Amino acid sequence: MLNTVSIIGLGYIGLPTATLLAIRKVRVIGVDISPSIVDTINRGDMHFVEPELDILVRAAVGAGYLRAAMQPEPADAFIIAVPTPLTEGLKPDVRSIETAVKSIAPVLKAGNLVILESTSPVGTTERLAHWLAELRPDLTFPQQAGDTSDIRIAYCPERVMPGRVVHELVSNDRVIGGMTPACSEAAVLLYRWFVQGECVITDVRVAEMCKLTENSFRDVNIAFANELSMICDEQGIDVWELIRLANRHPRVDILKPGCGVGGHCIAVDPWFIVNSAPATAKLIAAARAVNDAKPEWVLQKVDDAINDLKMDGMTASDICIACFGLTFKADIDDLRESPALHITQAIAERHAGKVCVVEPNLDRLPDCIVEKGVVRMDLDAALDQADILVLLVDHAQFKSVSRPHTRRRRIIDTRGVWERKHGQ
Ligand code: SAJ
């Protein structure tokens, strides 16, 4: 029976999952270590932007099915959705998982299901089971008791796209890696409350690796596109035209080059694989290196443009540079690991003249660039006044304007938004 579910971690994944269960009338206790997140949710508000979710959070809290707390309480199932960042040495940091596991151990009871959703290095779910077994010797766990254990444990990765979370949580297929067949079945029953996609059962280690594989696949493919963009630049080839044509082949589907890879997933998860197989994961490591080097390549292009304008008689302090977009990808307000922010900050540090930013998705610019003298500008003013236009993020607002004129100024369009039409 599933009456109450506790979600540990009310972030980008935990809160939508909690909300979708709660609007289907499952009692949900969301647990977070941040008092302000707990207060915000208990007011029926949310602490980040995600389309459609705000209305659902308000409804779930208002109806009394979703409640946030700082400490775990007894429940029928626990879902752990806490961050797993990288350490300075590019190793997975699973301390938040360990803390979450230790926090639920005292309230666990026979019949409970524990699901790990956080992106994790292979073997983490087995470690989770060992931590729990050590803390609760009065209960049996799958590693000792198999399908007859008191506690069921599974790894079920989230795979939703920020900006489309509500839709994708419901419609995406779900990979369910139970420690035993009974664990998988229990997890499928939970996800069936809101998942309309298929719930596909596998073992725990395949499920863990599957999540890392999906994001590494994307990273490798973006690296291919980024590498192509740099090769094409050297050879005077329009990379956008090239990709469009190559993609007309029925078995070719090249992704889009950009100013680098950001966010908390694609730029992080491949390292989990590299870390576990450093001698073998050569391609995955190379892709990380290509993508991580792209911002520096863009900065070199900006330097080249400055030098070009100086050759035309301008002095550095007269040159106004406008950066279009700061977020880690289009049409969101998320700055995590954003290459666009990194590039803007570096331009501000290096450039003697004015640096401005057009960013329609943020209420205010982050302090790290404001304190470097970066100012905000609206789109029309920046298009009109800047001498160097650096398009970093393909926001819808930027796509809605035609390619700015280039007389006496330079355009560095890292996303192909203002690309020249063929023959121009
Ligand atoms: N990017 C490119 N070119 C592209 C696609 C993306 O440069 O063609 C860049 C983006 O601008 C951004 C970065 O890559 O800086 C990552 O963006 P993204 O849209 O590829 O991915 P995320 O991080 O928003 O979400 C990914 C998704 N994973 C896959 O598509 C395999 C999502 O489904 C996962 O749930 C999410 O990671 C996660 O939480 O792991």
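The basis for the numbers below is simple: all heavy atoms, side chains too, and nothing from hydrogens, waters or symmetry mates. Small disclaimer: the values here were computed from a predicted structure and weren't measured. Just so you know, ligand 1 is whichever comes first in the structure, and atom 1 is the first atom listed for that ligand. When a residue number appears, it is its place in the shown sequence, counting from 1.
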Among the heavy atoms of T119, does any lie under 4.0 Å from an atom of ligand 1? no
Verify, without hydrogens or angle tests, whether N226 (side chain) and N291 (backbone) share a donor-acceptor contact under 3.5 angstrom. no
Quick check against the 3.5 Å criterion: does D308 have a side-chain atom that pairs as donor or acceptor with the backbone of R410? no
Could an N or O of ligand 1 be found under 3.5 Å from any N or O of F328, whether backbone or side chain? yes
For the residue pair F324 and W418, is the inter-centroid distance of their aromatic rings smaller than 6.0 Å? yes
For atom 4 (C) of ligand 1, which of K294, R159, K256 has the closest heavy atom? K256
Treating R24 as the side-chain partner and W193 as the backbone partner, does any N or O pair qualify as donor plus acceptor under 3.5 Å? yes
All pairs passing salt bridge (charged side-chain N to carboxylate O under 4.0 Å, His left out) where residues 369-383 contributes a residue, at least two apart: E349-K372
Would you check whether G262 reaches within less than 4.0 Å of ligand 1, judged by its heavy atoms? yes
Closer than 3.5 angstrom, by distance alone: can the side chain of D387 be matched with the main-chain N or O of C320 as a donor-acceptor pair? yes
Tell me, which protein residue and heavy-atom name are nearest atom 27 (C) of ligand 1, and how many Å apart are they? M161 SD, 3.8 Å
Nearest protein heavy atom with distance in Å, relative to atom 17 (O) of ligand 1: K329 CD, 3.8 Å
So which heavy atom in the protein is nearest atom 37 (O) of ligand 1, and how far is it from that ligand atom? C265 CB, 3.2 Å
Taking 4.0 angstrom as the limit and counting only heavy atoms of P162, give me the atoms of ligand 1 inside it, by number and element. 24 (O), 25 (O)
Does the side chain of I153 reach to within under 4.5 Å of the side chain of V204, using non-hydrogen atoms? no
With sequence neighbours excluded, what pairs up with D384 under the salt bridge (Lys or Arg N to Asp or Glu O under 4.0 Å) test? none
Quick one: look up the protein heavy atom nearest atom 31 (C) of ligand 1 and list residue, atom name and how far away it is. N215 OD1, 3.2 Å
K211 heavy atom under 4.0 Å from ligand 1: yes
Heavy-atom distance to atom 23 (O) of ligand 1: which of N291, I332, L169, I266 wins? I266
The answer for which part of R415 has a heavy atom under 4.0 Å from ligand 1 is side chain
Residues E117 and R174 bridged, charged N to O under 4.0 Å: yes
Of the backbone atoms (N, CA, C, O) and the side-chain heavy atoms from C-beta on, which set of V160 has a member under 4.0 Å from an atom of ligand 1: side chain, backbone, both, or neither? backbone
Which ligand 1 atoms does E214 reach within 4.0 Å, using its non-hydrogen atoms? 31 (C)
What residue and atom, counting heavy atoms only, is the protein's closest point to atom 39 (O) of ligand 1, and at what distance? E158 OE2, 2.6 Å
Part of R218 within contact of ligand 1 (heavy atoms, under 4.0 Å): side chain
Please report which non-hydrogen protein atom sits nearest to atom 6 (C) of ligand 1, along with the residue it belongs to and the distance in Å to one decimal place. I222 CD1, 3.4 Å
Distance only, no hydrogens: is a donor on one side chain within 3.5 Å (strictly under) of an acceptor on the other, for H167 and E52? no
Donor-acceptor pair, T213 side chain versus K211 backbone, under 3.5 Å? no
